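Below you'll find the structure, written out as structure tokens, and then a few comments.
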Amino acid sequence: MLYYLFRYLHEHYHLPGAGVFQYTTFRAGLAVVTSLLIAQLFGGKLIHLLQRKQVGETIRDLGLQGQSEKKGTPTMGGLIILFAILVPVLLFARLRNIYIILMLLSTVWLGLIGFLDDYIKVFRKNKEGLSGRFKVLGQIGLGLTVGWVLFYSNEVTVREYLLPNGQISAVDASKVFSDVHLMITTVPFMKNNELNYGDLFAQAGNVFKGLYGLLYIPIVIVIITAVSNGANITDGLDGLAAGTSAIIGITLAIFAFVSGNALLADYLDVMFIPDSGELVIFCTAFVGACIGFLWYNSYPAQVFMGDTGSLALGGIIAVLALIVRKELLIPVLCGVFLIENLSVIVQVSWFKYTKRKYGEGRRLLRMSPLHHHYQKLGYHESKIVSRFWIVGIMLAVITLVTLKLR
């Protein structure tokens, strides 16, 4: 909102300094500072309110070190993250931008699903919370919406440049260009690193030419559901999900800045996506919210984010990656989420298989998800979290290297 206000003051009244609001970097800086301040000021008050309402976490006895000390710690702290994201974005971003609208929708959508789950657990005293199938239906609903908008909206474009030899390029910044609606993505570690989803149907003949949305939209649904659940599973130790998400958010902010800047996109030979630079404001607010939440969530945690925060964090990351056409990098960038997800799948599958074969279930890990396995091995919680963060940073660096390594 402030963007439009200061643009009006600059254009009509030539207010000194008002023009600085046109710069993405300036508004991104304001967004991260504002989100940090909101998390600090709003977070403490919300924690006191949750304590008065006795909104405490019910801890199952899993025999983990320090587990009993967490009993009664307030949950639903994800409200801090949501509030610290939404307010700066509403203040400083261009709200008519299709990508900002999608990000706001995704944040509120999954935040509400997570809030409903936490509400049932805390106030209805139902430890199971919202039924798993309703969570998945909510994630599928968001995936359908995001996939539909990205696939059919004419505001979702990439820039194509006409080369002197008559060929088309998405990265060579000649003066002759057009912004076209194409569903192409970036393939990491390849020289010709663009994949058109339509080409995957090309071999089937012209009858399928306009139907590749049948492929793209399900891919979007799978990505959003997988990353959202991955963040939810990762949220098992103090600061683990928030810190990992902040690292991923910084990486996506860099991708958004590069993809939304024609000069940088040309220099780095990457796809230029018009209007995607505005996502930098959202990314910086997201990072500021995660870091601000860590003030209260780092070991020993004063508040847990609950599903209110974890589902939203994963969904935000997934949609951001889809918008900047980096969804194929998710297994690397979100490697911590992926391994946590896989540890649960493998553990459950192996247990069921050995029970059928030998009559008793056997485990590959002492406990899943993976972070609990390390707790069972005797590692302190803060050491596990720190090492997972280090792995997350390494994966982020590898992801950024793909900008040039092909």
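Predicted model only: the values in this text are computed from it and were never measured. These numbers come from the heavy atoms of this one structure, side chains and all, not from hydrogens, waters or symmetry mates.
At least one side-chain heavy atom of Trp109 sits under 4.5 Å from a side-chain heavy atom of Thr145. Counting heavy atoms from C-beta on, the side chains of Leu237 and Phe388 never come closer than 4.5 Å. No side-chain heavy atom of Met76 sits less than 4.5 Å from a side-chain heavy atom of Phe304. The shortest distance between side-chain heavy atoms of Ile98 and Asp275 does not fall below 4.5 Å. Using a 4.5 Å heavy-atom threshold, the side chains of Glu360 and Thr354 count as separate. Side-chain contact between Phe42 and Leu37 is absent, with no heavy atoms from C-beta onward closer than 4.5 Å. In this structure the side chain of Gln375 never reaches within 4.5 angstrom of the side chain of Arg366, judged on heavy atoms. A heavy-atom distance below 4.5 Å is found between the side chains of Val108 and Leu86.
Listed for the Asn261 side chain is no donor-acceptor partner under 3.5 Å among the backbone atoms of Phe257. With hydrogens and angles disregarded, a donor-acceptor distance shorter than 3.5 Å links the side chain of Tyr296 to the backbone of Gly44. Formation of a donor-acceptor pair under 3.5 Å by the Ser153 side chain with backbone atoms of Glu155 is found in this model. Judged by distance alone, with hydrogens and angles left aside, the side-chain atoms of His181 form a donor-acceptor pair with the main-chain N or O of Val156 at under 3.5 Å. Between the Asp117 side chain and the Thr308 main chain, no donor and acceptor come within less than 3.5 Å of each other. Using a distance-only test at 3.5 Å, with no hydrogens or angles considered, no donor-acceptor pair links the side chain of Ser228 to the main chain of Gly314. Listed for the Ser106 side chain is no donor-acceptor partner under 3.5 Å among the backbone atoms of Ile316. Without hydrogens or angle criteria, Thr185 side chain to Arg325 main chain gives a donor-acceptor distance under 3.5 Å. Under the 3.5 Å distance criterion, the side-chain polar atoms of Glu381 are matched with a main-chain donor or acceptor of Asp238.
Considering all non-hydrogen atoms of both residues, Thr402 and Pro188 come closest at CG2-CB, 4.2 Å. Of all the heavy atoms in Pro74 and Gln302, the pair that sits closest is CD-O, 3.3 Å. Nearest approach of Thr24 to Ile281, heavy atoms of both residues: CG2-CD1, 3.5 Å. Summarising the geometry of Asn196 relative to Leu182, their closest heavy-atom pair is ND2-CD2, 4.2 Å, with the distance given to 0.1 Å. A pairwise comparison of heavy atoms in Trp389 and Gly243 identifies NE1-CA, 3.4 Å as the closest pair. Contact record, Gly288 with Ser35: CA-OG, 3.1 Å, taken as the closest heavy-atom pair.
Residue Leu104 forms a side-chain contact (heavy atoms from CB on, under 4.5 Å) with just one option from Ile101, Leu102, Thr107, Ile100, and that option is Ile100. Of the listed residues (Leu142, Leu137, Val136), just one forms a side-chain contact (heavy atoms from CB on, under 4.5 Å) with Gln139, and that residue is Val136.
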Leu36/Ile291 under side-chain contact (heavy atoms from CB on, under 4.5 Å): CA gap, chis, key distance, verdict: CA-CA 7 Å; Leu36 283 167; Ile291 295 174; 4.0 Å; yes

Leu403 vs Phe255, side-chain contact (heavy atoms from CB on, under 4.5 Å): CA-CA, chis, key distance, verdict: CA-CA 9 Å; Leu403 286 169; Phe255 278 123; 3.6 Å; yes

Test side-chain contact (heavy atoms from CB on, under 4.5 Å) applied to Ile317 and Phe337, step by step: CA-CA 11 Å; Ile317 289 167; Phe337 294 167; 3.8 Å; yes

Verdict with supporting geometry, Ser259 and Lys326, side-chain contact (heavy atoms from CB on, under 4.5 Å): CA-CA 10 Å; Ser259 298; Lys326 297 295 184 290; 4.0 Å; yes

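The line from CG of Asn232 to CE of Met305 is 10.0 Å long, rounded to the nearest 0.5 Å. One distance of note links CG of Leu342 with CD of Gln347; it measures 12.5 Å at 0.5 Å rounding. Distance check, rounded to the nearest 0.5 Å: CG of Leu50 to NZ of Lys45 gives 14.5 Å. For the atom pair CG of Leu5 and CG of Leu15, the computed distance is 9.0 Å after rounding to the nearest 0.5 Å. The CD1 atom of Ile85 lies 6.0 Å from the SG atom of Cys290; values are rounded to the nearest 0.5 Å. Put simply, CG on Asp179 and CZ on Arg159 are 4.0 Å apart, with the number rounded to the nearest 0.5 Å.
By the 30° and 60° cut-offs, the orientation of the rings of Tyr374 relative to Tyr379 is perpendicular. The aromatic rings of Phe286 and Phe282 lie parallel to each other, with less than 30° between the two planes, well short of the 60° mark.
Taking the centre and axis of the six-membered ring of Tyr4, the NZ or CZ atom of Arg96 falls inside the cone set by 45° and 6.0 Å.
Taking the centre of each ring, Phe21 and Phe26 come in below the 6.0 Å mark.
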